[in-house]
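In what follows, a structure is listed as structure tokens, so that the remarks can point back to it.
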Amino acid sequence: MTEPPAATAVIHDIRYSRFSGSLRPRWTAVLALARSSVQRSLGVRRSAGAKVWPFLLVAAAYLPAVVAVGVPLVLGDLPGVGATGPLDILGYYDLLGVTGVIVLAFAATTLPSLLTRERRDRVLSLYFSTALSPMEYVAGKLLAAVALVLLVTLGPMLLLLVGGILIADAPLAYAQDHLGDWPEIALAGGYFALFQAAVALALGSLTSRRVFAVGGDIALMLVPAVIGGVLYGLTERTAFLALNLLYVPIELAGYVLSPDDDRSAVPSLVVLQAVWAGVVVAGLGTLVLRYVRGKGQ
Amino acid sequence: MGRSGMGRSGVGRRPGGATRPTVGVVTDAQGPALDCAGVTMTFGRVQALDDVTVQVTAAATGLLGANGAGKSTLMKVALGLLVPDSGRVRVLGLDLDSSDERAQVRQRVGYMPEHDCLPTDMSGQDLCVHIAQLRGLSRRDARRRASEVLFAVGLEEERRRSIDTYSLGMKQRTKLAQALVHGPDLVVLDEPTSGLDPSGRSEMLSIVRRLSRELGIKVLVSSHVLDDIERTCDEIVVLRAGRLAAQQQVEVTLTAGPVALRVTGDLAAFAQALAGRGVATYPTEHGDIGIASAGPVELEALRDLAADLGVGILSLLDHGDSLENSVVAAMSEPT
């Protein structure tokens, strides 16, 4: 008589049972909210149509950096130009200048929906009935907005830097030469991310209609720019150019990334920093007041 | 509720961590599920709750009242979503005045709102995973729990579909699933059968009943429909114009009268014969024979007399205040 074979199969009972496991710290809930928000904004786990616009803009933001890395990779040294690496073709500051409008379009169309969609669907009462506090909600959404803007600002700059290291004849030496680039591009990306996140989230917190928030964001960037241009034309005072909010983070990044450039036609660093700080504080202040005091309802 | 799969499964449970908070089962030692003392809440000129003092101890409690009676407000106060103007609220023994304890309450309570509150671009599964993570579960636990709870409410086939393609009944189930995903000790259901067809309503009521009877989850459910409450709850709390109007058990107990009797043949002669055997009778407003005291002795005499006279008993009904009568009376009394 042979022994019965040892049991190898396991029966999993998938019926409902009470959860008695351990709960994770609260910050993990904030990260979960931020991750989910980023995915929804990019159309991840949604229909193909929902992915088209955000991914089109992301691709457009990366295109100049891809070209700058790809050309020396394919062609080697460019005859007559002397370019040997991506940064010789396109510097960080130039990249931000080229992609500035794309970043604006991405931020204006993607970030407000982080808030408007949930206000429209009245999801907040569901969220706030969990252990999530209004402040944690705001933190999660801000984190998501910053991550999204960094995706189209810091990401392409990192591609230039890392691409340059990878295709360099002496990668280690190249990396050592550009060691100082890391904090500079991080700071430049941070200028963009906080600025655009504060503006877009503040506008998104004021309405449940995405189209109004998008229109408001674009108007906020364009209308003061026109006024600033007119005032500059009349007075020739460069400080008025700081009313062009689209270029405030770009020019601030310029002071970090290309400090030696001629900036006679650019507002001073102090003026740019004051405008940047004013917009960020006003935007985040509006956001906090809307959600922490009014619970965004 | 043929497709639902709720049960007392212990499979898949994890031991609780020693240092981190865990979700456990509420016990009687933790006191009433909801304990309100002098709770008052106003919205501008509207007095939503007026000095409400109530203790909810039953496994399943129904909250009844007309529109604007304060049901939803009381629920939101219990969840800590609204802060009352005055009064004290304790949920599962935890004080909502303390921010730490308020956070604990929210981790141990599930809430199913009445209104549409589902993100339409997510699937039912993604939503449940997301809500579970917001409540503190790890991603792995959240996924497992979401599958369990969606199976339990009968949405296992449709869990990957976008919520905007769901029927109303499926949306109601999704709202219930997200309220249960973290294994709450108390679940607060605001009009769970609102807008459902008879079949969907019946299934939803079955699920709600199982929560308290099979899973040991305390249930606080609001409804306009007394029948829903009778089928799912052990106790009723009636609110009227923001005040507590009544609180009573749903359970039908055998009483010793009064009862209304209807028999074949001559009612007056049968009543007289009953009186001759020592059973006091009176005519009811519907022309039946009223028996004020209907204990075992009186009912035996009634049975024997009917047998002796060859009279058939058509009906023998409780003639006292029914649950419906008392609830309607409580809801309609002048304030």
#### Entry: Arg209(A) atom CZ: more than 12 heavy-atom contacts under 6.0 Å
no

### Task
Give a yes or no on whether the backbone of Leu134(B) and the side-chain of Arg26(A) come within a donor-acceptor separation of less than 3.5 Å.
yes

### Message
Go through it in stages, so that I can follow the logic: the residues are Arg45(A) and Ser162(B), the test is side-chain contact (heavy atoms from CB on, under 4.5 Å), and I'd like the CA-CA distance, side-chain angles, deciding distance and then a yes or no.
### Response
CA-CA 10 Å; Arg45(A) 298 180 72 85; Ser162(B) 179; over 6 Å; no

Contact check, side chains of [X] and [Y], non-hydrogen atoms, under 4.5 Å:
X         : Y         : result
Arg139(B) : Arg35(A)  : yes
Arg122(A) : Pro113(B) : no
Leu23(A)  : His182(B) : no
Arg144(B) : Phe19(A)  : yes

### Message
Out of Ile131(B), Val129(B), Asp126(B), return the one with the most heavy atom pairs under 4.5 angstrom to chain A.
### Response
Asp126(B)

### Summary
Max heavy-atom pairs within cutoff under 4.5 Å with chain A, candidates Leu118(B), Leu79(B), Val188(B), goes to Leu118(B)

### side-chain contact (heavy atoms from CB on, under 4.5 Å) between Gln133(B) and Leu33(A), worked out
CA-CA 8 Å; Gln133(B) 287 187 285; Leu33(A) 177 66; over 6 Å; no

### Message
Measuring from atom OG1 of Thr28(A) to atom CG of Leu137(B), what distance do you get when rounded to the nearest 0.5 angstrom?
### Response
9.5 Å

### Message
Nearest 0.5 Å, please: how far is CE in Met75(B) from OG in Ser129(A)?
### Response
12.5 Å

